[in-house]
Participant: 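Got a structure here, written out as structure tokens. Questions coming.
Quick note: numbers below take in every heavy atom, side chains included, and nothing from hydrogens, waters or symmetry partners. Both ligands and their constituent atoms are indexed starting at 1 by order of listing.
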Amino acid sequence: MSYLPTKNRDVEQRLRDEAKSLLEQGRVDYVIGFEPGSLKFTTTPLITNNKDDVDHLVINPFIVNNLSVYLTEIKGRVGIIAKGCDSRSIISLIQDKQVVREDIVIMGIPCPGLIDLKKVERLVGKDRDELDNIIRDGDKVVITVDGQGKEYPITEVLYDNCLGCEFPTPQEYDVLLGEPAPLVTDLTASRQKIEMLEGMSQQQRWDFWKDEFSRCIRCYACRNICPACFCERCFVEESEPQWVLPVPRWQDNLIFQVVRNIHVAGRCTDCGECERACPMNIPLRSLARKTYDLVDELFHYKSGTDKEASPLMTAYEQAEAEDFIR
Ligand code: SF4
Ligand code: SF4
Ligand code: SF4
């Protein structure tokens with residue numbers, strides 16, 4: 001199956017060469033990237049110390065995972081593939097002293113946005129298994145079904161977070177594989193769900209989230225996939241005191257997400273992984289992006305853009321509004 005424009009194939013070959021040379025020269029112990037997934041139009045993370053495996057590395061519009069989540073788990077020096085948002089998560093982890101910059105070789109991928117298969121399925125009214133091909137071509141995408149290709153604007157199928165992406169080109173890298181990516185944004189579409197929530201009364205919003213979190217099965221996929229959630233022991237697993245019940249009651253599910261969002265405030269890079277990973281399709285990005293925007297508005301702080309800056313929640317100034325801080 002081929003869903004890569006030629007330009008991406010060049011980037012892919014450069015990446016494989018770079019990764020192989022890093023392992024051969026002993027500059028890294030592991031390489032973290034993407035290999036083809038077992039399902040159509042998917043990729044899966046590849047973590048390897050075998051130079052022959054790097055020939056499986058791929059770059060395509062389906063490299064969805066934010067691979068920085070693995071950095072806190074791997075011991076040794078690591079070469080990692082990073083899109084714009086992933087690079088910001090790496091910077092944030094450096095700021096929080098969870099990883100050391102010198103131990104990481106960042107292979108930056110300028111990112112023109114990722115394709116949301118659920119949007120594709122809705123757009124063409126077919127299951128992904130029924131699609132022949134999806135080819136990105138600049139600001140268009142060609143979707144082929146039953147041998148017939150049809151062209152759509154790329155903005156119709158990109159993830160909401162990609163449509164609102166501020167930094168598609170990695171903010172930190174050792175090698176940049178490709179030209180800086182142009183922004184293909186649609187801020188209206190990106191903020192649609194958030195604005196719908198902002199337009200509700202408090203009661204309506206409460207009822208909305210009560211309904212949503214009544215469906216949460218507390219699988220913790222949203223937490224486990226999030227690079228900003230790096231506590232060794234999460235507050236939900238504490239037994240003394242027990243902050244939330246382990247059973248998925250909606251009230252406890254809501255508390256879990258409210259506290260999680262506060263914990264990742266100033267660390268979240270709107271990578272969209274929490275919402276993508278949720279098996280219950282709970283619109284988690286609406287909370288994450290709203291918090292991201294509030295952090296920006298109130299503190300003029302964009303997560304993961306300055307590795308020398310203090311993490312947001314550890315820096316206080318005399319001029320803080322709250323008395324208890326002064
Ligand atoms: S948020 Fe930006 S950098 Fe991240 S995947 Fe989307 S377009 Fe790429
Ligand atoms: S991923 Fe979804 S279902 Fe699982 S804990 Fe998070 S919100 Fe609940
Ligand atoms: S909260 Fe969600 S969007 Fe934010 S960094 Fe974590 S996974 Fe990404």
Side-chain angles (χ1 to χ4, degrees), residues 34 43 59-69 81-93 96 108-116 136 154-155 157-173 178 180-186 190 209 212-230 234 236 244 246-250 252-293 295 302-305:
F34 300 91
T43 60
I59 298 296
N60 62 41
F62 308 104
I63 51 170
V64 288
N65 298 71
N66 184 337
L67 298 176
S68 66
V69 73
I81 293 156
K83 308 181 291 288
C85 51
D86 312 345
S87 79
R88 294 175 63 195
S89 296
I90 296 171
I91 293 173
S92 188
L93 288 168
D96 276 315
I109 304 287
C111 175
L114 302 178
I115 293 179
D116 182 345
R136 166 121 192 217
I154 190 69
T155 46
V157 295
L158 291 185
Y159 277 97
D160 286 354
N161 60 307
C162 295
L163 291 172
C165 180
E166 296 174 281
F167 301 98
T169 300
Q171 296 297 289
E172 176 85 14
Y173 55 81
L183 276 171
V184 186
T185 54
D186 183 341
S190 168
W209 286 116
E212 291 294 335
F213 287 117
S214 297
R215 297 189 293 111
C216 169
I217 54 174
R218 205 85 72 70
C219 63
Y220 296 127
C222 52
R223 177 198 66 181
N224 296 352
I225 207 156
C226 174
C229 266
F230 51 71
C234 178
V236 293
V244 295
V247 289
R249 290 193 320 159
W250 74 264
D252 297 87
N253 300 340
L254 180 64
I255 295 279
F256 162 50
Q257 285 300 339
V258 168
V259 173
R260 198 182 91 77
N261 272 274
I262 293 170
H263 284 180
V264 301
R267 299 185 169 98
C268 169
T269 58
D270 191 23
C271 72
E273 279 293 88
C274 45
E275 178 163 312
R276 186 187 65 79
C278 177
M280 304 311 290
N281 294 321
I282 297 172
L284 298 173
R285 176 179 176 259
S286 301
L287 287 176
R289 179 68 198 213
K290 180 70 189 175
T291 311
Y292 175 101
D293 288 339
V295 163
K302 288 190 190 292
S303 316
T305 52

Participant: What protein heavy atom lies closest to atom 4 (Fe) of ligand 2? Include the residue and the distance to one decimal.
Facilitator: C219 SG, 2.3 Å
Participant: Please list the nearest protein heavy atom to atom 8 (Fe) of ligand 3 with its residue and the distance rounded to 0.1 Å.
Facilitator: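 The closest one turns out to be C271 SG, 2.4 Å.
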Participant: Report the distance from atom CZ of F167 to atom CD1 of I91, rounding to the nearest 0.5 Å.
Facilitator: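 Separation between the atoms: 9.5 Å.
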Participant: Could you check whether R218 and N253, counting side-chain N and O atoms only, form a donor-acceptor pair closer than 3.5 Å?
Facilitator: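 Looking only at side-chain atoms, R218 and N253 do form a donor-acceptor pair, the distance falling under 3.5 Å.
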Participant: I need the atoms of ligand 2 closer than 4.0 Å to a non-hydrogen atom of R218, numbered in the order shown.
Facilitator: 5 (S), 8 (Fe)
Participant: Consider ligand 2: state whether an atom of it lies below 4.0 angstrom from any non-hydrogen atom of A277.
Facilitator: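 In this structure, A277 fails to qualify as a contact of ligand 2 - no heavy atom is under 4.0 Å.
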Participant: Suppose I only count heavy atoms of C85 and a 4.0 Å limit; which atoms of ligand 1 are within that range?
Facilitator: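 Numbered from 1, ligand 1 contributes 1 (S), 3 (S), 4 (Fe), 5 (S).
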Participant: Measure the distances from the heavy atoms of I225 to every atom of ligand 3 and state whether one is below 4.0 angstrom.
Facilitator: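 Heavy atoms of I225 never come under 4.0 Å of ligand 3.
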Participant: At the 4.0 Å heavy-atom cut-off, does G113 count as touching ligand 1?
Facilitator: yes
Participant: Supply the atom-to-atom distance C234 SG to Y220 OH, rounded to the nearest 0.5 angstrom.
Facilitator: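 If I round to the nearest 0.5 Å, the distance is 6.5 Å.
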Participant: Looking only at heavy atoms, which two atoms of K83 and N65 are closest? And how far apart?
Facilitator: NZ-O, 2.9 Å
Participant: My understanding is that we take every heavy atom of each candidate and find the minimum distance to atom 1 (S) of ligand 3. Doing that for E273, R260, R223, which one comes out nearest?
Facilitator: R260
Participant: Please report the closest heavy-atom contact between S68 and I90, naming both atoms and the distance.
Facilitator: CB-CG1, 3.6 Å
Participant: Report whether any nitrogen, oxygen or sulfur of C274 sits less than 2.8 Å from atom 8 (Fe) of ligand 3 (N, O or S, backbone or side chain).
Facilitator: no
Participant: Which of the atoms in ligand 1, numbered in the order shown and given with their element, are less than 4.0 Å from a heavy-atom of G84?
Facilitator: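 Selected atoms, number and element: 3 (S).
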Participant: Which heavy atom of the protein is the closest neighbour of atom 2 (Fe) of ligand 1, given with residue, atom name and distance?
Facilitator: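 Ranked first by proximity to atom 2 (Fe) of ligand 1 is C165 SG, 2.3 Å.
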Participant: Please determine whether any non-hydrogen atom of Q257 lies less than 4.0 Å from an atom of ligand 2.
Facilitator: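 So Q257 counts as touching ligand 2.
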Participant: Of all the atoms in ligand 3, which lie at a distance below 4.0 Å from a heavy atom belonging to T269?
Facilitator: 5 (S)
Participant: Within ligand 1, which atoms have a heavy atom of C111 less than 4.0 Å away?
Facilitator: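 By the 4.0 Å cutoff, the relevant atoms are 3 (S), 5 (S), 7 (S), 8 (Fe).
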Participant: To the nearest 0.5 Å, how far apart are OG1 in T43 and CZ in F62?
Facilitator: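 It is 9.0 Å, given to the nearest 0.5 Å.
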Participant: So which bit of D270 gets within less than 4.0 Å of ligand 3, heavy atoms only: side chain, backbone, both or neither?
Facilitator: backbone
Participant: Output yes when R249 and D252 qualify as a salt bridge under the 4.0 Å nitrogen-oxygen rule, no when they do not.
Facilitator: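 Yes, charged N to carboxylate O under 4.0 Å.
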Participant: Are T269 and S89 linked by a side-chain donor-acceptor pair shorter than 3.5 Å?
Facilitator: yes
Participant: Does some non-hydrogen atom of R285 fall short of 4.0 Å from ligand 3?
Facilitator: no
Participant: To the closest 0.5 Å, what do you measure between CZ (R136) and CG (L114)?
Facilitator: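 So the CZ of R136 and the CG of L114 are separated by 9.0 Å.
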Participant: When you measure from atom 3 (S) of ligand 3 to every protein heavy atom, which one gives the shortest distance, and what is it?
Facilitator: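 For atom 3 (S) of ligand 3, the nearest protein heavy atom is G272 N, 3.2 Å.
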Participant: So if I count the atoms of ligand 1 from 1 in the order they appear, which ones are less than 4.0 Å from some heavy atom of L114?
Facilitator: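 Taking each heavy atom of L114 in turn, ligand 1 has 5 (S) under 4.0 Å.
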Participant: Short list, please: which atoms of ligand 2 are under 4.0 Å from a heavy atom of P279?
Facilitator: 1 (S)
Participant: Go through ligand 2 atom by atom and flag the ones less than 4.0 Å from a non-hydrogen atom of M280.
Facilitator: 3 (S)
Participant: Check each atom of ligand 1 against the heavy atoms of C162 and keep those under 4.0 Å away; list them by number with element.
Facilitator: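 Answer for ligand 1: 5 (S), 6 (Fe), 7 (S).
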Participant: Under 3.5 Å, is there a donor-acceptor pair between the T291 and R260 side chains?
Facilitator: no
Participant: Distance-only, no hydrogens or angles: does the Q171 side chain make a donor-acceptor pair with backbone N or O of T169 under 3.5 Å?
Facilitator: yes
Participant: Pull out every atom of ligand 2 sitting under 4.0 Å from any heavy atom of Y220, numbered as shown with elements.
Facilitator: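 The list of qualifying atoms is 4 (Fe), 5 (S).
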Participant: In Å and rounded to the nearest 0.5 Å, what is the CD to SG distance from E273 to C222?
Facilitator: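 E273 atom CD to C222 atom SG measures 11.5 Å (nearest 0.5 Å).
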Participant: Quick one, R285 and S190 - any side-chain contact, counting heavy atoms below 4.5 Å?
Facilitator: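 Of all side-chain heavy-atom pairs linking S190 with R285, at least one is under 4.5 Å.
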Participant: Which atoms of ligand 2 have any heavy atom of C216 under 4.0 Å away?
Facilitator: 3 (S), 5 (S), 7 (S), 8 (Fe)
Participant: Do me a favour and list the nearest non-hydrogen protein atom to atom 6 (Fe) of ligand 2 with residue, atom name and distance?
Facilitator: C222 SG, 2.4 Å
Participant: What's the separation between atom CG in L163 and atom OG1 in T185, rounded to the nearest 0.5 Å?
Facilitator: 8.0 Å
Participant: If we only count heavy atoms from C-beta on, is the L67 to F34 side-chain gap below 4.5 Å?
Facilitator: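 Heavy-atom side-chain distance check passes, below 4.5 Å.
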Participant: At less than 4.0 angstrom from any non-hydrogen atom of C268, what atoms of ligand 3 do you find?
Facilitator: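 Taking each heavy atom of C268 in turn, ligand 3 has 1 (S), 3 (S), 4 (Fe), 5 (S) under 4.0 Å.
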